[in-house]
Peer 1: 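Sharing a structure with you now.
From a predicted model like this one, the values you see are computed outputs, not experimental measurements.
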Amino acid sequence: MVEFKKLAPPTTGEKIEIVDGKYIFPDNPIIPFIEGDGIGPDIMRASKIVWDGAIEVAYGGKKKISWFEVYAGEKAIEKYGEPLPEDTITAIRHFLVAIKGPLTTPVGGGYRSLNVSMRQIMDLYACVRPVKYYRGVPSPMKHPERLDIVIFRENTEDVYAGVEWKQGTPEAKKIIDFMKNELGVKVRDDSGIGVKPISIFGSKRLVRKAVQYAIDKNRESVTLVHKGNIMKFTEGAFKDWGYELAVDEFRDHIITESELWDQVIADDGVTPTVKEGAYAHLRGGRPAGNQGDRILIKDRIADQMFQQLLTRTDEYDVVALPNLNGDYISDAAAGQIGGLGIAPGANIGDYIALFEPTHGSAPKYRNQDKVNPTSLILSGVMMLDYLGWPEAAELIEKGIEATIEQKRVTYDLARQMGDVKPIKASEFGYAIVENMKKMG
């Protein structure tokens, strides 16, 4: 039995188990949660109102989550004297699925990002962020509904590995001298130095998870996004290793874009041999004819991808990227569908899954019951779907859309809608539950 220093797990509920490499989800799982810093307690309270309400409406008491509070950030410092206690890591590792609010990362000093630390400590190597539009949300785009992608961002490598040395330190000087004297690389003496590691192992397991997701969820394509034209041996290698993985492990399920262009694809007696003809034989993004119903694997350079998400939005589906590109792209994509307040996320390893909103802790709004909880609510939707409870997940999405279309929204959406009086975060949660009950 797992032991904790200062935590007491709930006396009701069951642990999620792994048997023969597969999850066994009980009807009453124990789910650890971290309220978070700043607005975290406000949006967590509002979100739990919605999650519990959806489960009750969808399953009539046959399913229920036993919530287990664990600590990180400011509350952890108060309770443990440190921002990320071992109790919290032990609880998440033991119970496998958890959810958290936003945590504050001090700028320029203090402790390192707790979000990054948790991902690295528990090897949560895939940051998964669905980005799609919900009716009624104000958007700067003419057709935000065309965007419906799922981003798989590598979580443990790239510049986020934190391998860097401050300008002027002995370590930085030593690295600079080594590059100059041993490698013949010119670097200014007054430079800070950072290292960008991207490995075969890290790249392939991320792409593996992205392709498997596309297969499981009946998606149409996986796009590898990189800056390989400049960083050939890191990001370019990510692209190459991604293609290798897709072909080696998923040959019967995928076709690469180059194969689609080059091979003769027969359909109804027509044999196109050029790019345009080949794409004419894509049904919903998948090749027809003798290639069967396969996932299309393609790649795009990162800066090209930024503009194509705007200009050719509906050509993209599942997207796999190294860490830094994934950070930029996910925020840029979220801006198209209403902002980070509508964008959910998760950090997933081989078995551990930690769900979280994509935005920060906004400490100036602490304890005001004001900030939009939708990002966290939708992170819970991802969690419910992960638990195999799609009925509750779908009910919440419909409830959110209905509530926003009624213009019962928090201040951030109200000010974009014009003459709309904002409601509190908790009131937004109760309004979603009210709509779900009507649907149920």
Side-chain angles (χ1 to χ4, degrees), residues 2 4-7 31-41 44 68-129 152-166 171 192 194-199 201-202 205-206 209 321-324 326-327 330-331 340 344-363 375-376 379 383:
V2 66
F4 300 103
K5 294 179 180 179
K6 296 185 178 182
L7 294 177
I31 303 292
F33 72 95
I34 299 168
E35 277 195 337
D37 298 328
I39 59 172
M44 183 63 73
F68 176 23
E69 185 173 8
V70 299
Y71 302 91
E74 295 167 359
K75 289 185 77 171
I77 292 172
E78 293 174 7
K79 191 175 181 67
Y80 291 87
E82 57 180 315
L84 186 57
E86 187 61 32
D87 267 1
T88 297
I89 300 300
T90 299
I92 296 172
R93 280 176 169 159
H94 181 68
F95 292 105
L96 298 176
V97 174
I99 193 162
K100 61 179 278 295
L103 294 169
T104 297
T105 300
V107 177
Y111 49 84
R112 280 194 66 204
S113 167
L114 299 179
N115 298 314
V116 172
S117 295
M118 294 173 80
R119 295 166 191 165
Q120 292 178 342
I121 290 169
M122 292 182 282
D123 200 23
L124 306 178
Y125 57 84
C127 178
V128 183
R129 293 182 174 179
F152 280 74
R153 167 191 171 193
E154 203 289 320
N155 236 354
T156 64
E157 300 188 319
D158 203 349
V159 294
Y160 285 75
V163 185
E164 60 177 358
W165 296 274
K166 185 178 180 180
E171 294 84 0
V195 177
K196 178 188 177 74
I198 291 183
S199 70
F201 176 80
R205 68 177 180 174
L206 184 279
K209 194 171 282 289
L321 319 88
N323 209 333
L324 184 60
D327 197 0
S330 59
D331 281 15
L340 293 179
N347 300 293
I348 302 176
D350 287 333
Y351 295 112
I352 300 172
L354 177 61
F355 297 84
E356 65 176 2
T358 58
H359 57 68
S361 59
S375 178
L376 182 56
S379 299
M383 183 182 73

Peer 1: Does any N or O in the side chain of T88 come within less than 3.5 Å of the main-chain N or O of L84, such that one atom is a donor and the other an acceptor?
Peer 2: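 Side chain of T88 to backbone of L84, a donor-acceptor pair under 3.5 Å: no, none is there.
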Peer 1: Between E157 (side chain) and S199 (backbone), is there a donor-acceptor pair under 3.5 Å?
Peer 2: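 Yes, E157 side chain to S199 backbone: donor-acceptor pair under 3.5 Å.
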Peer 1: Looking at every heavy atom in both P344 and T358, which two are closest together, and how far apart are they?
Peer 2: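 In terms of heavy atoms, the two residues are closest at O-CG2, 3.3 Å.
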Peer 1: Are L354 and M118 packed together at the side-chain level, in the sense that at least one heavy-atom pair is separated by less than 4.5 angstrom?
Peer 2: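 Counting from C-beta outward, L354 and M118 do come under 4.5 Å.
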Peer 1: Can you give me the closest heavy-atom contact between L114 and A72, atom names plus distance?
Peer 2: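 Heavy atoms only, the tightest pair is CD1-C, 4.4 Å.
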Peer 1: Please confirm whether the backbone N or O of S361 pairs with a side-chain atom of T104, one donor and one acceptor, at under 3.5 Å?
Peer 2: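 Absent.
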Peer 1: Return the set of residues passing salt bridge (charged side-chain N to carboxylate O under 4.0 Å, His left out) with K196 (not counting sequence neighbours), or none when no residue passes.
Peer 2: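 Salt bridge (charged side-chain N to carboxylate O under 4.0 Å, His left out) check on K196 returns D158, E235.
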Peer 1: Would you call I348 and F152 a side-chain contact if the rule is heavy atoms closer than 4.5 Å?
Peer 2: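 Side-chain contact under 4.5 Å: no.
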Peer 1: Quick one: salt bridge (Lys or Arg N to Asp or Glu O under 4.0 Å) pairs with a partner in residues 346-360, sequence neighbours left out?
Peer 2: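 Sorted result for residues 346-360: K100-E356, R119-E356.
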Peer 1: Kindly write out the residues that satisfy salt bridge (charged side-chain N to carboxylate O under 4.0 Å, His left out) with D331, not counting sequence neighbours, or none if the list is empty.
Peer 2: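 Result, salt bridge (charged side-chain N to carboxylate O under 4.0 Å, His left out) vs D331: R129.
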Peer 1: For residues 75-102, which residue pairs pass the ring pair (Phe, Tyr, Trp, His ring centres under 6.0 Å) check, not counting sequence neighbours?
Peer 2: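 Passing the test, one end in residues 75-102: F68-F95.
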Peer 1: Any side-chain heavy-atom pair from I39 and P102 closer than 4.5 angstrom?
Peer 2: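 Counting from C-beta outward, I39 and P102 do come under 4.5 Å.
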Peer 1: Compare every heavy atom of A76 with every heavy atom of P85, then report the nearest pair and how far apart it is.
Peer 2: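 Closest heavy-atom pair between P85 and A76: CD-CB, 3.7 Å.
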Peer 1: Only counting residues at least two apart or in another chain, list the ones meeting side chain to side chain contact (heavy atoms under 4.5 Å, CB included) with T156.
Peer 2: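 Only D123, Y125, E154, R205 meet the side chain to side chain contact (heavy atoms under 4.5 Å, CB included) criterion with T156.
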Peer 1: May I have the step-by-step check of side chain to side chain contact (heavy atoms under 4.5 Å, CB included) for N347 and N115, ending in yes or no?
Peer 2: CA-CA 9 Å; N347 300 293; N115 298 314; over 6 Å; no
Peer 1: CG/L340 to OG/S330 distance, rounded to the nearest 0.5 angstrom?
Peer 2: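 Result: 8.0 Å between the selected atoms.
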Peer 1: Can you pull the salt bridge (Lys or Arg N to Asp or Glu O under 4.0 Å) pairs that have at least one residue in residues 85-97, sequence neighbours excluded?
Peer 2: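 As it turns out, there is no salt bridge (Lys or Arg N to Asp or Glu O under 4.0 Å) pair with a partner in residues 85-97 once direct neighbours are skipped.
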Peer 1: Show the nearest heavy-atom pair for residues L7 and E69, with the distance to one decimal.
Peer 2: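 In this case the closest contact between L7 and E69 is CD2-O, 3.8 Å.
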Peer 1: Indicate yes or no for a side-chain donor-acceptor contact from K79 to the backbone of Y71 under 3.5 Å, with no hydrogens or angles considered.
Peer 2: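 No, because the side chain of K79 does not come within donor-acceptor range (under 3.5 Å) of the backbone of Y71.
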Peer 1: Can you name the nearest heavy-atom pair linking P357 to L376, along with the distance?
Peer 2: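 Looks like CD-CD1, 3.6 Å.
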Peer 1: Could you report the tightest heavy-atom contact between Y160 and N323, atom names first, then the distance?
Peer 2: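 Smallest interatomic distance, heavy atoms only, reads CB-ND2, 3.2 Å.
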Peer 1: Within the 4.5 Å heavy-atom criterion, are V97 and F355 side-chain neighbours or not?
Peer 2: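 The answer is yes; the side chains approach within 4.5 Å.
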